[in-house]
Amino acid sequence: MGLIIWLVIGGICGWLASLIMRTDGQQGIILNVIVGIVGSVIANFIFNREGLNGAPLSVTAFLWSLLGAVILLAIVNLVRRGSVR
């Protein structure tokens with residue numbers, strides 16, 4: 001059950017990050033989930049937070065995962081286009 005919750009939260013974080021970075025039309029639902037999960041890992045690594053190991057449904061874990069997903073999309077946009085957007 002934890003994996004399903006993690007995928008849903010990752011999808012929501014990835015979707016919100018793509019809306020923030022204005023890349024929503026370019027990626028589908030699978031890429032949103034991947035961006036959200038990888039963003040959560042990035043946030044956990046950079047900020048040393050308990051997003052993956054702690055309670056997955058806490059507001060702070062959600063916000064850190066969202067921040068990590070936004071950072072990931074900014075890096076991808078920087079590599080692809082040469083600008084963060």
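Owing to the predicted nature of the structure, the values given are computational and were not obtained by experimental measurement. FYI, the numbering just counts along the sequence from 1.
Contact of the W15 side chain with the V33 side chain is not registered, since no non-hydrogen atoms from C-beta on lie closer than 4.5 Å. Side-chain contact between S65 and I9: absent, with no pair of heavy atoms (C-beta onward) separated by less than 4.5 Å.
Between the CZ atom of R80 and the CG atom of L73 there is a distance of 9.5 Å, given to the nearest 0.5 Å. Between N77 atom CG and R22 atom CZ the span is 11.5 Å, to the nearest 0.5 Å. In this structure, the separation between CG on L72 and CG on L67 is 11.5 Å, given to the nearest 0.5 Å.
The minimum heavy-atom distance linking G36 with A69 is given by the pair CA-CB, 4.3 Å.
Every side-chain contact (heavy atoms from CB on, under 4.5 Å) that L63 has, sequence neighbours left out, goes to V59.
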